[in-house]
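Working notes, structure below.
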Amino acid sequence: MLVKLEHLALMAASSAADDLADDIDASVRTSRTESPVDLPSLTSLPAKAQWLRDQVPMLDQLAALALMLDTDGDGSATLDVAAGAWEPDALLEQAGDARFGPGFVDATGLEGEELTALLTTLGSVGRDLPPGAGVMTPVELRQFIIDHPAVATALRDLRPIGPGLPGELNALTLPFVTAPGDSAAVWEQRRLDARDLFAGLSPQDAAILAMTYPSLVGNLPGVPFDNRADANTVNVVAALADERAELGDLRDQHEENQHDWDFFGRNNDDLEGPIGDLEDRIALYESILRDDRQIVYFDPSGDGAIAELHGDIGPRTDNVGVLVPGTGSDMSNFQGTADRSRSFQLEDPDGGLAMISWMGTDLPDSIPKDAPFANYSVDGGPRLADFSRDLQLEIERSASPDAQVTVAGHSYGGAVVGRSELHGLQADRVLHIASAGMGHDVDDPGDLPSTQRQVDRYSLTAPGDVIELAQGAPQVTDNIGHGADPDTFDGTVRLHSGDKADGSLNTGVGAHTSVFEEGSDAWQNMYEVFTGGDVETYRSPDYYYPPPSGYGGVSPGVQVGWNDDGSRIDIE
């Protein structure tokens, strides 16, 4: 038996059936209120109204089927149904699996109206459907996915199959063969193709496409940041479900092992660290979903990789800052980096500064065991340079062409920024904050490519910061050392670290992190670099040396202030 299904006609029938049922009920109520007697003819009408309502779910299922099976994009399909096999529930599940891959419908855990609503929405991508055609808005779909973590997991594992828009998206991720040295051109063309693919869609279709294939779109070069954030909402929901399950298992294991006899008395306390990290990651994910934060890169594997946009990149944007954290940074403590970036973004009263917290690569876990090695920056530098090209596309798409970009690296993050310059980092300004170095193999400006000649560079290291021991240290092997000292690198302007907000000196070991204290001189200098403002250059410390004690020896110097005044420089 051949059955032709037309999505819009079926949705119209569904709406008409629902409206007619409401009209019947309203008429019955009116007649019974106004008539002096109870008319026998009214008795059967409520049952007929209910029968009409009972047909609505099936009509909606058939409308979804029309979208699932439509191959030419006209919103209709012809279905060949075997005798006795007319079961819309089963037909819809088969169509969903045919469109999105075997087992997809089962993986969502949905059925009935919820399944119909989801498949109708996912199947609507790229269709020219009028309002009221039974499709969830992106906001509604986002909330639906948050409320149904199994759906997020199913979508995360979904790969596009078949022709049309999904096939175009999948083509951007497929392997390719090219002549030696030509791969960079292919990657750049794919970045532009992704940009053009999403630019050709309506905002609603672009958002739904991103949420339909989140594992492809979330980190795909060239995709607009708002659509990457759409996709990564789904990825975060799925990661949250995974880590909640893992946390439950670890807590059960920890509780069980507390009752075991332990010769060393540890009682399985080695699980408390991983449990704490999971709790922090879960708190981050919950905050991302609750506050609708803009995650433009997300990979929860291992220590995690993530990038977050704070504020908006749009017509009012004058400056965009990127902050790269250092040793010890991972997903469990990313919130600290986000808070630092957010403090700068919120300071601009006109909303002209957008900030990005970028932790898009693995960073050293430990200072003594990992931080001396350059492989983290060697791996991360190209990733940051690649992201800078996406940022430039975003600025060209949404902001003023005069918007300026500052990329800042703190501690080991400075070494990552330095290595990114070797790969053509697109930035107007680079800021090294208590930086480990200019990057492995960067000893002088001649080591940088010609693309970096117009970059303005700044550094800020407080006197007494222990990072001074790493700055400019010799590269004794191919994997130890982080290049030249940023504070003395030719052409770099060294900035004043100054005082804390309470007037005390922002120097010494603790200054490695206290330079980020909001309201301090160091923080203000960083903000001025991010916004192209007025900075104060380095002031040398003034030390007091107490007289030798009666036992001989030299007393250590104590900083009591600053020897000189710095210069004021207007970056603009």
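In what follows, every heavy atom counts, from backbone to side chain, and hydrogens, waters and symmetry copies are set aside.
For residues 479-489, every residue pair satisfying the salt bridge (charged side-chain N to carboxylate O under 4.0 Å, His left out) rule, not counting sequence neighbours, is listed here: Asp487-Arg494. Annotation: side-chain hydrogen bond (donor to acceptor under 3.5 Å, both in side chains) contacts involving residues 307-321, sequence neighbours excluded, comprise Arg293-Glu308, His310-Ser357, Asn319-Arg429. Sorted by first and then second residue, the pairs that involve residues 241-250 and meet salt bridge (charged side-chain N to carboxylate O under 4.0 Å, His left out), not counting sequence neighbours, are Arg156-Asp242, Glu243-Arg281, Arg244-Glu286. A salt bridge (charged side-chain N to carboxylate O under 4.0 Å, His left out) check over residues 403-428, counting only residues at least two apart or in different chains, returns the pairs Arg419-Asp441, Glu421-Arg457. Sequence neighbours left out, the pairs with a member in residues 229-240 that pass side-chain hydrogen bond (donor to acceptor under 3.5 Å, both in side chains) are Asn227-Asp230, Asn232-Asn235. Sorted by first and then second residue, the ring-ring contact (aromatic ring centres under 6.0 Å, His included) pairs involving residues 434-466 (not counting sequence neighbours) form an empty list. The salt bridge (charged side-chain N to carboxylate O under 4.0 Å, His left out) pairs that include a residue from residues 326-338 number zero, where partners must be two or more places apart or lie in different chains. Applying the ring-ring contact (aromatic ring centres under 6.0 Å, His included) test to residues at least two apart or on different chains, none of the pairs has a partner in residues 311-330. Contacts classified as ring-ring contact (aromatic ring centres under 6.0 Å, His included) and involving residues 465-506 (residues at least two apart or in different chains) are given here: Tyr412-His482, His496-Trp562.
In this structure, Leu172 CG and Arg195 CZ are separated by 12.5 Å, a value rounded to the nearest 0.5 Å. Between Ile571 atom CD1 and Thr531 atom OG1 the span is 7.0 Å, to the nearest 0.5 Å. Atom CG of residue Asn333 and atom CG of residue Asp303 lie 9.0 Å apart, to the nearest 0.5 angstrom. In this structure, CD on Glu394 lies 6.5 Å from CG on Asp226, to the nearest 0.5 angstrom. Here Ile306 contributes atom CD1 and Met359 contributes atom CE; the two are 6.5 Å apart, rounded to the nearest 0.5 Å.
Residues Leu495 and Val529 are in side-chain contact: their nearest non-hydrogen atoms beyond the backbone lie under 4.5 Å apart. Contact of the Ser520 side chain with the Asp499 side chain is not registered, since no non-hydrogen atoms from C-beta on lie closer than 4.5 Å. Residues Val217 and Phe198 form a side-chain contact, since some pair of their non-hydrogen atoms from C-beta on lies under 4.5 Å apart. In this structure the side chain of Met211 reaches within 4.5 angstrom of the side chain of Pro138, judged on heavy atoms. Using a 4.5 Å heavy-atom threshold, the side chains of Val320 and Thr406 count as separate.
Applying the side chain to side chain donor-acceptor pair (under 3.5 Å) criterion to Glu279, with sequence neighbours excluded, gives Arg251. Residues that satisfy the side chain to side chain donor-acceptor pair (under 3.5 Å) test with Arg290, not counting sequence neighbours, are absent from this structure.
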Could you give me the CA-CA distance, side-chain angles and deciding distance for Leu391 and Ile313, then say whether side chain to side chain contact (heavy atoms under 4.5 Å, CB included) is met? CA-CA 10 Å; Leu391 176 56; Ile313 298 177; 3.7 Å; yes
ring-ring contact (aromatic ring centres under 6.0 Å, His included) between Trp523 and Phe344: does it pass, once the steps are laid out? CA-CA 9 Å; Trp523 184 92; Phe344 294 116; 5.1 Å; yes
Please report the C-alpha distance between Asp521 and Lys500 in whole Å, then the side-chain angles of each, then the deciding distance to 0.1 Å, and finally whether the salt bridge (Lys or Arg N to Asp or Glu O under 4.0 Å) criterion is met. CA-CA 6 Å; Asp521 293 338; Lys500 298 179 182 179; over 6 Å; no
Side chain to side chain contact (heavy atoms under 4.5 Å, CB included) assessment of Leu393 paired with Leu192: CA-CA 9 Å; Leu393 277 186; Leu192 298 178; 4.1 Å; yes
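Nearest heavy atom pair, residue Pro300 against residue Tyr285, reads CB-OH, 3.7 Å. Considering every non-hydrogen atom in both Leu353 and Gln345, the closest pair reads O-CG, 3.3 Å. Residues Tyr538 and Asp564 come closest through the heavy atom pair O-OD1, 4.4 Å. Nearest heavy atom pair, residue Ala434 against residue Ile467, reads O-CG1, 3.5 Å. Pro463 and Ser497 get closest at one heavy-atom pair: CD-OG, 3.5 Å. Between Val442 and Gly418 the shortest heavy-atom distance is CG2-O, 4.4 Å.
Side-chain atoms of Asn525 come within 3.5 Å of backbone atoms of Glu536 as a donor-acceptor pair (strictly under, hydrogens ignored). Between the side chain of Ser435 and the backbone N or O of His432, no donor-acceptor pair lies under 3.5 Å. Checked by atom type and distance alone, the side chain of Asn219 pairs as donor or acceptor with a backbone atom of Phe298 at under 3.5 Å. Side-chain atoms of Asn563 come within 3.5 Å of backbone atoms of Pro541 as a donor-acceptor pair (strictly under, hydrogens ignored). A donor-acceptor contact shorter than 3.5 Å is absent between the side chain of Ser398 and the backbone of Ile395. A donor-acceptor pair under 3.5 Å is absent between the side-chain atoms of Asp542 and the main chain of Gln559, judged by distance alone. Panel note: side chain Asp465, backbone Gly508; no donor-acceptor pair is recorded below 3.5 Å. Checked by atom type and distance alone, the side chain of Ser329 never pairs as donor or acceptor with a backbone atom of Pro325 at under 3.5 Å. With Asp390 contributing its side chain and Gly222 its backbone, the two residues share a donor-acceptor pair below 3.5 Å. No donor-acceptor distance shorter than 3.5 angstrom exists from the side chain of Ser514 to the backbone of Glu517, with no hydrogens or angles considered.
Between Phe387 and Phe225, the ring center distance clears the sub-6.0 Å criterion. In this structure, the ring of His410 has its center less than 6.0 angstrom from the ring center of His512.
No more than 12 heavy atoms of other residues, nucleotides or ligands lie within 6.0 Å of CG in Asp490, so this atom counts as exposed by the packing criterion. Within 6.0 Å of CG in Asp147 there are more than 12 heavy atoms belonging to other residues, nucleotides or ligands.
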Side-chain polar contacts of residues 363-381 - donor-acceptor pairs under 3.5 angstrom, sequence neighbours left out - could you list them?
residue: Ser366; atom: OG; partner: Lys369; partner atom: N; Å: 3.4
residue: Asp370; atom: OD2; partner: Asp365; partner atom: N; Å: 3.2
residue: Asp370; atom: OD2; partner: Ser366; partner atom: N; Å: 2.9
residue: Asn375; atom: OD1; partner: Asn479; partner atom: ND2; Å: 3.3
residue: Ser377; atom: OG; partner: Ala374; partner atom: O; Å: 2.8

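Under 3.5 Å, the side chains of Glu468 and Thr461 contain no donor-acceptor pair of N or O atoms. Glu518 and Ser343 share no donor-acceptor pair across their side chains, judged by distance under 3.5 Å alone.
The aromatic rings of His148 and Phe144 lie parallel to each other, with less than 30° between the two planes, well short of the 60° mark.
Ion pairing between Glu188 and Arg389 holds under the 4.0 Å rule for side-chain N and carboxylate O.
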